[in-house]
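The structure under discussion appears below in the form of structure tokens.
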Amino acid sequence: MFVETGHYALTLALGLSLVQFLMPLWGATVRDGALAAIATPAALAAFACVALAFSALTYAYATSDFSLVNVVENSHSLKPFVYKLTGVWGNHEGSMLLWVLILTLFGAMVALSRRAVPSRLRHLTLAIQGAVAFAFLAFIEFTSNPFLRLDPAPFEGQDLNPILQDPGLAVHPPLLYIGYVGFSISFAFALAALIEGRIDAVWARAVRPWTLTAWLFLTLGIAMGSYWAYYELGWGGWWFWDPVENASLMPWLAGTALLHSTIVMEKRDALKVWTILLAILTFSLSLLGTFLVRSGVLTSVHSFATDPTRGAFILAILVVFIGGGFALFAWRAPLLRQGGLFAPVSREGALVVNNLLLVTACATVFIGTLYPLALEALTGAKISVGEPFFNATFLPIVMPLLALIPIGQTIAWKRGDLLGTLQRLWVAYGAGIAGALVVLALVRGGPVLALVGIGLGVYLVVGSAVDIFHRAGGARVALPVMLRRALGLPRSAWGTAIAHAGVGITVLGIAAQAWSTETLAVVNRGDLVSAGGYTLRLDAVFPRTAHNYREDVARFTVLRDGRIVGTVEGAKRLYVTRGMPTTEAGIMTLGPSQLYVSVGEPQPSGGLGVRIYWKPYVLFVWLGAVVMAAGGLLSLTDRRLRVAAPAAARARMVPAE
Amino acid sequence: MLIWLVFALMTGAAVLAVLWPLSRAEPADAAEAGDAAFFRQQMADLERDREAGLVSESEAEALRAEIGRRLLRASRADGRRGPEGEPALRRRRAASAIALSTIPLLALATYGAMGSPHLPQVPLAARMDGKEFDVGAAVAKIEAHLAQNPGDGRGWEVLAPVYLRAGRFGDAARAYQSAIDILGETPSRLTDLGEAVTAEAGGIVDARARAAFERALALDPANPKARYYLALAAGQDGDSARAADMLQKLLADAPADAPWRGAVEQRLAALSASASANAIVSQPQEEQARAIRGMVEGLAARLEADGSDAAGWARLVRSYVVLGEKDKAREALDKARKQLAADAASLDMLTALARELSLETDGTGARQ
């Protein structure tokens with residue numbers, strides 16, 4: 001009965017979100033605050049209902065209730081319990097329910113953030129949010145219903161897909177979805193501002209925590225997805241410019257631009273229309289990402305849903321929200337009062353350039369991702385746009401962007417002193433050049449672009465430190481004073497510095513991959529293969545049986561200068577009941593670098609085919625993303641960005657309670 | 001019934017939650033007050049930063065001027081309110097009515113279309129503890145066992161036919177294949193494998209199935225199932241003559257009491273029907289009628305001998321009606337009812353047939 005109650009709760013949420021959409025709009029039109037205030041309880045109730053539905057589905061998965069089609073198709077009584085639970089969102093229907101759960105959770109949080117968001121803006125935002133929730137709830141209910149039942153229930157589930165039984169994949173979709181859905185709040189705020197015909201610093205302050213939250217989860221989600229592809233697929237790469245990856249990168253780029261333009265709006269009351277446009281654009285790209293992955297337009301290793309009718313429904317949602325968003329923008333944006341002009345050489349000027357570069361980078365990814373699809377739809381020709389395209393288009397745009405980061409971070413608002421700023425950063429340039437030279441001397445050569453990348457990475461990390469140093473008084477004050485002041489700096493300043501240093505770390509990791517090596521070899525027992533200064537010796541090839549698979553393991557001993565460093569095992573695995581083979585890469589982490597062993601087929605001659613990669617400093621790629629997210633988190637805890645206002649503000653706003 | 005009570009309570013809670021703000025007086029926090037407070041807070045922040053030495057005095061001065069300007073603008077924007085009184089009350093009553101109707105109607109209509117309130121939950125644990133023997137649980141146990149011990153050929157052999165009956169043909173084929181890999185080939189395992197593969201392919205004997213049957217035949221040249229499916233394959237390849245020939249040989253070799261004789265005869269009849277239909281059409285009219293009558297009489301004779309073929313009886317009745325012999329048709333109908341008295345479905349079918357051909361003038365139903 002619990003399962004059916006969950007299903008009924010979902011349909012109740014459908015009705016609630018419709019009310020949440022219509023009533024505040026009506027209330028705002030006739031300026032009736034009480035009518036508009038319906039949005040708050042409606043949003044809370046909708047969240048409660050969706051949460052109930054989600055827990056009912058989780059319960060069905062946990063108890064292996066095979067009277068649900070969704071559970072039959074995506075679970076199995078023999079799955080480890082944790083993967084039964086994560087299996088809830090490991091499939092199309094469940095993942096859409098998770099999407100809506102996060103959406104309504106964010107809606108409920110907006111509804112509760114009374115002290116941070118003026119009530120009119122809050123109610124209108126909830127209305128737009130209700131419309132999005134309604135569309136997705138209808139989508140779930142009518143095309144992807146996870147609560148459809150089977151009678152009689154089959155005795156066993158069908159899915160024991162071993163590739164999906166993985167901690168990376170269990171965590172990856174929720175992170176990504178929090179990111180995507182978070183941008184729906186920015187979108188709702190933008191449309192609310194357009195409807196209200198007013199946008200100002202209040203708006204910027206209200207929307208920034210949401211954008212920041214979405215951005216930091218999206219950052220983590222992308223990094224997690226990349227790491228999953230790296231170790232699970234056994235291809236040795238960490239970014240494939242796969243459309244599914246690009247689908248998450250595009251909202252990230254647009255969202256990063258949005259984050260920065262919101263700061264300009266908050267501080268300088270400028271870039272209003274542009275910020276609104278970016279908010280609409282970012283959510284549109286999030287929807288597009290959902291569409292690309294969920295409709296089965298792409299057939300890639302990631303896509304586990306393929307159904308054209310769903311595609312048509314998502315396309316309709318896409319058209320309504322993106323088209324509606326831009327139409328409202330075209331109609332209402334001219335009504336927004338423009339902010340003041342500003343000098344090109346200033347922090348805001350640098351942020352404008354940052355925005356232009358980010359959006360251009362996003363556009364190149366967009367073209368590279370969608371052009372092949374469009375071409376195939378129109379002419380039937382199948383082309384593949386891959387790394388060469390993105391290297392040729394994306395990198396030239398991103399490199400100047402990276403070079404600009406420390407400058408924009410250091411230069412003053414309003415009227416900056418470019419020369420002074422450049423002078424302040426001399427340590428960073430010096431460090432960057434020195435870093436590139438050191439690498440050049442150590443490895444004796446390498447691609448120029450990679451050396452530039454190393455220089456940029458060091459420059460970014462040091463530049464961030466220089467920024468903090470100067471903000472704290474720099475060399476003008478004594479060291480203890482400087483340190484005390486540095487600690488007293490606003491958390492958002494620290495967050496900025498840390499996030500930018502994170503970018504530098506990722507750039508270092510990416511640049512270092514120019515020196516990664518790939519060795520293909522056929523080895524017999526006792527044979528030696530060398531990779532990245534290490535020597536691997538094949539010690540044994542033996543079969544092993546675990547609870548639901550058999551595998552042929554190749555065990556290597558890793559040696560350096562004759563000393564044993566450790567062992568690494570790669571395996572070819574066969575999941576028995578499904579008859580499904582997988583390759584398990586053996587990864588040995590050596591500091592920030594990794595040795596990556598991928599076992600191939602046994603050769604007729606008796607040897608074993610293996611691919612061995614040496615990946616210097618590869619962990620920096622993801623470590624940088626984690627540092628970026630940490631910076632975002634720190635910035636989020638900044639007093640002025642917190643959703644609930646502190647005690648002082650609360651005391652002043654008592655009448656508003 | 002309980003479930004509807006729960007639904008009613010949930011609906012009530014949802015509607016009440018939504019209607020709650022309408023029952024209160026308008027909240028006092030107008031948007032403009034929020035803005036003014038916001039800028040006052042920004043001003044306070046600035047003071048704090050200046051005191052902490054984070055902002056220089058001149059910078060603070062400029063910022064203070066700017067925030068002050070915005071604060072003025074925010075305060076000037078008057079907090080206009082919507083008109084209170086009669087229109088507002090009527091509007092709120094309308095809103096209440098809409099919320100009160102929309103939420104339950106939308107929820108019930110959607111749930112009515114998509115939900116299954118009468119179905120009980122069947123979690124795995126409940127099925128495992130069930131008193132009566134549960135095939136599902138047994139299969140789950142065998143599957144668990146096999147996942148641990150994939151080398152247990154007997155397990156695969158036990159599991160395979162269960163899969164086949166459950167309609168999981170692919171799994172059945174895989175299980176048979178595992179049994180063969182572990183326990184070795186026998187004619188019956190090979191033909192079972194072929195049968196599962198054929199079922200998975202929707203009844204088409206594909207190359208893999210054919211290979212299995214041919215190997216079975218090599219081990220046991222008399223194997224009837226293999227011969228039957230290979231004949232089927234020949235027929236599917238368009239070689240009806242060879243298929244018929246193979247089936248006839250199979251029938252000739254078959255013991256009289258073989259349970260599968262019927263199936264072979266049916267297949268043979270289907271093959272020859274398509275062949276002889278062509279033959280009859282090409283005959284002159286007179287001969288055509290005679291040929292048809294001969295076929296009908298042949299059918300009647302066969303049904304006299306073995307009356308369990310409901311479809312055969314139906315064909316016979318229909319044939320008599322076509323030939324204009326209603327009495328004979330009624331006679332055949334009665335005989336059929338007597339022969340098939342134990343089979344309710346066939347009786348219903350015959351009644352429907354009789355009604356369709358308007359043979360039931362007296363209105364006596366066949367339902368017993």
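A, B, ... follow the sequence lines: proteins, then strands. Residue 1 opens every chain.
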| query | Relative to chain B, which segment of A:Met23 carries a heavy atom at a distance below 4.5 Å: side chain, backbone, both, or neither? | reply | side chain

| Is it the side chain or the backbone of A:Val3 that comes within 4.5 Å of chain B heavy atoms, both, or neither? | both

| task | Of all the heavy-atom pairs spanning B:Pro120 and A:Ser67, show the shortest one and how long it is. | result | O-OG, 4.1 Å

| Contacting region of A:Leu44 [heavy-atom separation from chain B under 4.5 Å] | neither

| request: Below 4.5 Å from any heavy atom of chain B, which atoms of A:Tyr59 appear? Answer side chain, backbone, both or neither. | output: side chain

| So which part of A:Leu16 gets closer than 4.5 Å to some heavy atom of chain B, the side chain, the backbone, both or neither? | both

| said: Nearest 0.5 angstrom please: B:Leu119 CG to A:Arg149 CZ, how far? | reply: 5.0 Å

| What is the distance from atom CG of A:Leu137 to atom CG of B:Leu106, rounded to the nearest 0.5 Å? | 10.0 Å

| said: Measuring from atom CD1 of B:Ile98 to atom CG of A:Leu22, what distance do you get when rounded to the nearest 0.5 angstrom? | reply: 8.0 Å

| task | Could you tell me the separation between the CD1 atom of B:Ile103 and the CG atom of A:Leu18, rounded to the nearest 0.5 Å? | result | 8.5 Å

| request: Any chance you could measure A:Ile140, atom CD1, to B:Met114, atom CE, to the nearest 0.5 Å? | output: 11.5 Å

| task | Check whether B:Val6 gets within reach of chain A through its side chain, its backbone, both or neither, counting any heavy atom under 4.5 Å. | result | side chain

| message | Testing the basics here: between A:Pro41 and B:Ala17, what is the closest heavy-atom pair and its distance to 0.1 Å? | response | CB-O, 3.1 Å

| task | Rounded to the nearest 0.5 Å, what's the gap from CH2 on B:Trp4 to CD on A:Glu4? Could you check? | result | 9.0 Å

| Would a 4.5 Å heavy-atom cut-off, applied to side chains only, mark B:Gln121 and A:Thr63 as touching? | no

| Which portion of A:Ala62 sits near chain B, non-hydrogen atoms under 4.5 angstrom | neither

| remark: Which of A:Leu10, A:Leu14, A:Asn145 passes side chain to side chain contact (heavy atoms under 4.5 Å, CB included) with B:Thr110? Answer is A:Leu14

| task | If the plane angle is over 60° it's perpendicular, under 30° parallel, otherwise tilted; pick one for A:Tyr8 and B:Tyr111. | result | perpendicular

| remark: Pair count under 4.5 Å, heavy atoms only, with chain B: among A:Val19, A:Leu148, A:Leu12, highest is A:Leu12

| query | When only pairs under 4.5 Å are counted, which of B:Ala113, B:Ala95, B:Pro104, B:Ala109 shares the most heavy-atom pairs with chain A? | reply | B:Ala95

